[in-house]
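All residue numbers in this chain count up from 1 along the given sequence.
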Amino acid sequence: MSGRSGCRAPAWFIVLAVVMSLPALLTPALLSACPPDGPDMVRTLVWIYPFYVVVAAWLACLCWDSRRTMAWVLLALMALTHAGIWMLVNAPGL
């Protein structure tokens with residue numbers, strides 16, 4: 001490991017990561033939209049969702065300096081996770 005600490009990403013990338021993390025603030029709405037008779041796994045995944053988003057944004061900023069492709073992959077996975085969690089909560093038939 002190197003002796004560097006902190007995020008060396010440019011400001012525009014940090015702003016992008018923060019903006020992409022904002023949908024996690026709607027977790028209370030997601031929890032209230034969970035079907036009451038649905039599987040407990042849905043509520044568990046919704047509870048884990050904001051922690052994953054924060055960690056993914058932090059890791060994307062952290063690895064920008066040495067692995068830019070990985071930073072973009074993390075942001076893409078975050079976007080797919082946003083779509084997936086909304087589909088999971090709003091899926092008919094659960």
Side-chain angles (χ1 to χ4, degrees):
M1 289 195 135
S2 64
R4 296 180 302 186
S5 64
C7 184
R8 300 258 186 200
W12 63 268
F13 189 80
I14 295 170
V15 169
L16 179 65
V18 168
V19 168
M20 287 191 66
S21 299
L22 290 178
L25 294 175
L26 298 174
T27 301
L30 287 171
L31 285 169
S32 67
C34 284
D37 57 346
D40 290 336
M41 184 56 119
V42 173
R43 292 188 72 81
T44 303
L45 289 173
V46 173
W47 273 106
I48 294 170
Y49 166 65
F51 300 109
Y52 163 75
V53 169
V54 169
V55 169
W58 176 67
L59 289 175
C61 289
L62 195 63
C63 73
W64 174 264
D65 200 24
S66 59
R67 297 180 179 179
R68 291 184 183 182
T69 304
M70 181 62 69
W72 286 112
V73 167
L74 284 168
L75 289 185
L77 285 175
M78 187 189 314
L80 290 172
T81 302
H82 292 319
I85 205 77
W86 279 96
M87 288 174 59
L88 178 67
V89 168
N90 297 319
L94 282 182

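Connection of Val19 to Trp12 is not established within any shared hydrophobic cluster, with ILVMFWY side chains joined at heavy-atom distances below 4.5 Å, either directly or through further cluster members. Residues Leu77 and Ile48 do not share a hydrophobic cluster, defined by chaining ILVMFWY side chains whose heavy atoms lie under 4.5 Å apart. Note: the hydrophobic cluster containing Val53 also contains Val73 (ILVMFWY, side chain heavy atoms under 4.5 Å, direct or indirect links). Put simply, Leu45 and Leu31 are part of the same group of oily side chains (I, L, V, M, F, W, Y) that touch within less than 4.5 Å, one to the next. Cluster membership for Trp72 and Met78, using ILVMFWY side-chain heavy atoms within less than 4.5 angstrom, is shared.
A heavy-atom distance below 4.5 Å is not found between the side chains of Pro39 and Thr44.
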Start with the C-alpha distance between Val18 and Val15, add both sets of side-chain angles, then the distance that settles side chain to side chain contact (heavy atoms under 4.5 Å, CB included), and finish with yes or no. CA-CA 5 Å; Val18 168; Val15 169; 5.7 Å; no
Start with the C-alpha distance between Cys34 and Val46, add both sets of side-chain angles, then the distance that settles side chain to side chain contact (heavy atoms under 4.5 Å, CB included), and finish with yes or no. CA-CA 9 Å; Cys34 284; Val46 173; 4.0 Å; yes
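For Tyr49 against His82, the heavy-atom pair with the smallest separation is OH-ND1, 2.5 Å. Across every non-hydrogen atom of Phe13 and Ala60, the tightest pair is CE2-O, 3.6 Å. For the pair Ser21 and Ala17, the tightest heavy-atom approach, listed with the atom from each and the gap, is OG-O, 2.8 Å. Among all heavy-atom pairs drawn from Ala9 and Cys61, the shortest one is CB-O, 3.7 Å.
Considering CE of Met87 and CG of Leu80, their distance stands at 10.5 Å, rounded to 0.5 Å. Here CG of Leu26 is found 5.0 Å from CH2 of Trp86. Values are rounded to the nearest 0.5 Å. For the atom pair CG (Leu88) and OG1 (Thr81), the distance works out to 11.5 Å, reported to the nearest 0.5 Å. Interatomic distance, CH2 of Trp64 versus OG1 of Thr69, reported as 9.0 Å (0.5 Å rounding). To the nearest 0.5 angstrom, Leu62 atom CG is 12.5 Å from Met70 atom CE.
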